[in-house]
Amino acid sequence: MSAVADNTWRGSTMAARSAERRDQLVRAGFELLGAEGAAGTTMRAVCRAAGLSLRYFYESFPDREALLVEVYDQVARGLVDAVTAEPVAAGADETARIHAAFDAAARYFEDDPRRSRIMFRETLADDTLRTHGAAALPDFVRLVATQLSPDRADDLSSAQLSMPISALSGALVSLFLDWLAGRVSATRPEIVAYATHLTTAILSPENETREATTRPTTL
């Protein structure tokens, strides 16, 4: 029997079946992490939800933490896709572009509240997600911030902006988390408008120039 025949069963290759099992585990992980939180997303719980044995879990992931990171990354990639796919009117100014980005983000989380729990709430509850999210969320803020001035993308990765990017990331997480949990009584347009105002106030080039002239020098 040929090697091709050995690796094919009912028209599906071993690699394809392995990829399908991995997708099943990630989907189960999303369901559990979004509904039960990190504490309820154990390997056995994921395998039960996916209808697979632990053997197949280890086929795809070395440990539970790797699965959590993959689920988080899939949600984060979906957010980036939603934001970058948002059409912006030709000639729109910087504020309009940032507003469109935040509106797309707000709708992305409204459409499925599990996404916000995974990206915001569980990063506060789980050490692995806290560390991973601490790096991923500022990258998203930089993506939105480039709308202020697309030709300053490199500047937004500079050490000079590390503090405002970090402060803005924390503020936006708290704002969206409290809004989605009902602790902030506001409509989506109001939240989007405030997030836009906050971002432009902190990261506008004029504000950076003002901060640079008032920042105390180190002796």
Side-chain angles (χ1 to χ4, degrees), residues 1-86 101-144 169 172-173 176-177 179-182 188:
M1 185 176 292
S2 69
V4 173
D6 286 341
N7 291 331
T8 304
W9 184 74
R10 292 187 178 179
S12 179
T13 65
M14 289 179 61
R17 295 198 301 276
S18 178
E20 183 179 348
R21 288 191 291 267
R22 190 178 193 277
D23 287 344
Q24 287 177 253
L25 291 166
V26 173
R27 289 196 299 269
F30 174 81
E31 295 285 343
L32 286 166
L33 191 57
E36 305 295 332
T41 310
T42 64
M43 288 191 294
R44 292 187 182 280
V46 170
C47 288
R48 280 196 302 271
L52 297 170
S53 69
L54 278 173
R55 165 196 168 193
Y56 290 121
F57 185 97
Y58 287 114
E59 173 190 61
S60 298
F61 300 99
D63 50 37
R64 165 185 172 274
E65 287 69 26
L67 172 67
L68 294 182
V69 167
E70 177 59 26
V71 171
Y72 179 97
D73 283 347
Q74 285 206 4
V75 175
R77 286 193 293 270
L79 174 61
V80 170
D81 289 345
V83 168
T84 55
E86 182 67 16
F102 279 125
D103 188 59
R107 284 188 279 108
Y108 177 75
F109 291 124
E110 265 192 323
D111 287 346
D112 191 338
R114 293 172 298 181
R115 296 167 177 166
S116 64
R117 176 168 185 170
I118 291 168
M119 285 204 71
F120 301 146
R121 183 172 162 187
E122 294 309 311
T123 54
L124 303 176
D126 180 84
D127 289 341
T128 296
L129 293 178
R130 181 183 301 112
T131 301
H132 191 67
L137 282 171
D139 287 342
F140 170 72
V141 172
R142 287 187 182 91
L143 172 66
V144 174
S169 299
L172 290 172
V173 167
F176 275 89
L177 187 58
W179 170 58
L180 291 162
R188 175 163 54 82

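Since we're looking at a predicted model, the values are computed, not measured. Numbering of residues begins at 1 and proceeds along the displayed sequence.
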### Query
Hey, mind stepping through Tyr58 and Met43 against side chain to side chain contact (heavy atoms under 4.5 Å, CB included) and telling me if it holds?
CA-CA 10 Å; Tyr58 287 114; Met43 288 191 294; 3.2 Å; yes

### Query
So Leu124 and Val173, side chain to side chain contact (heavy atoms under 4.5 Å, CB included) or not? Walk me through it.
CA-CA 11 Å; Leu124 303 176; Val173 167; 5.7 Å; no

### Task
Could you walk me through whether Phe30 and Asp112 pass side chain to side chain contact (heavy atoms under 4.5 Å, CB included), step by step?
CA-CA 11 Å; Phe30 174 81; Asp112 191 338; 3.7 Å; yes

### Query
Yes or no on salt bridge (charged side-chain N to carboxylate O under 4.0 Å, His left out) for Arg130 and Asp126, after CA distance, side-chain angles and deciding distance?
CA-CA 6 Å; Arg130 181 183 301 112; Asp126 180 84; over 6 Å; no

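Side-chain atoms of Phe140 and Val83, non-hydrogen and from C-beta on, do get closer than 4.5 Å to each other. Contact annotation: the side chain of Leu143 never approaches that of Asp139 to less than 4.5 Å [non-hydrogen atoms, C-beta and beyond]. Contact check for Trp179 versus Phe109: no side-chain heavy atoms found under the 4.5 Å cut-off. With contacts defined as side-chain heavy-atom distances shorter than 4.5 Å, the pair Leu137/Phe120 qualifies. By the 4.5 Å heavy-atom criterion applied to side chains, Thr123 and Thr131 are not counted as neighbours. Contact check for Arg121 versus Ser116: no side-chain heavy atoms found under the 4.5 Å cut-off.
Among all heavy-atom pairs drawn from Val141 and Leu172, the shortest one is CG2-CD1, 4.1 Å. For the pair Ala49 and Ala28, the tightest heavy-atom approach, listed with the atom from each and the gap, is CB-CB, 3.8 Å. Nearest approach of Leu129 to Leu68, heavy atoms of both residues: CD2-O, 3.7 Å. The minimum heavy-atom distance linking Pro138 with Ser169 is given by the pair CA-OG, 3.5 Å. Nearest heavy-atom pair across Ala50 and Leu25 is CB-CD2, 4.0 Å. Across all their heavy atoms, Ala45 and Gly40 have their closest contact at CB-O, 3.6 Å.
Under the 4.0 Å criterion applied to side-chain N and carboxylate O atoms, Arg77 and Glu70 are assigned as salt-bridge partners.
To the nearest 0.5 Å, the span separating CD1 on Ile118 from CG on Leu33 amounts to 4.5 Å. Here Arg22 contributes atom CZ and Leu67 contributes atom CG; the two are 8.5 Å apart, rounded to the nearest 0.5 Å. To the nearest 0.5 Å, atom CZ of residue Arg107 and atom CG of residue Asp103 are 4.5 Å apart. Residue Arg117 holds its CZ atom at 4.5 Å from CD of Glu122, rounded to the nearest 0.5 Å. Note: Tyr56 OH to Glu20 CD = 11.5 Å, rounded to the nearest 0.5 Å. With rounding to the nearest 0.5 angstrom, the CD atom of Glu36 is 11.5 Å from the CZ atom of Arg114.
Without hydrogens or angle criteria, Arg64 side chain to Thr42 main chain gives no donor-acceptor distance under 3.5 Å.
Between Tyr72 and His132, the ring planes lie perpendicular to each other; the angle is over 60°, past the 30° to 60° tilted range. Between Phe57 and Phe61, the ring planes lie tilted relative to each other; the angle falls in the 30° to 60° range.
Environment of CZ in Arg115: crowded, with over 12 heavy atoms of neighbouring residues, nucleotides or ligands closer than 6.0 Å.
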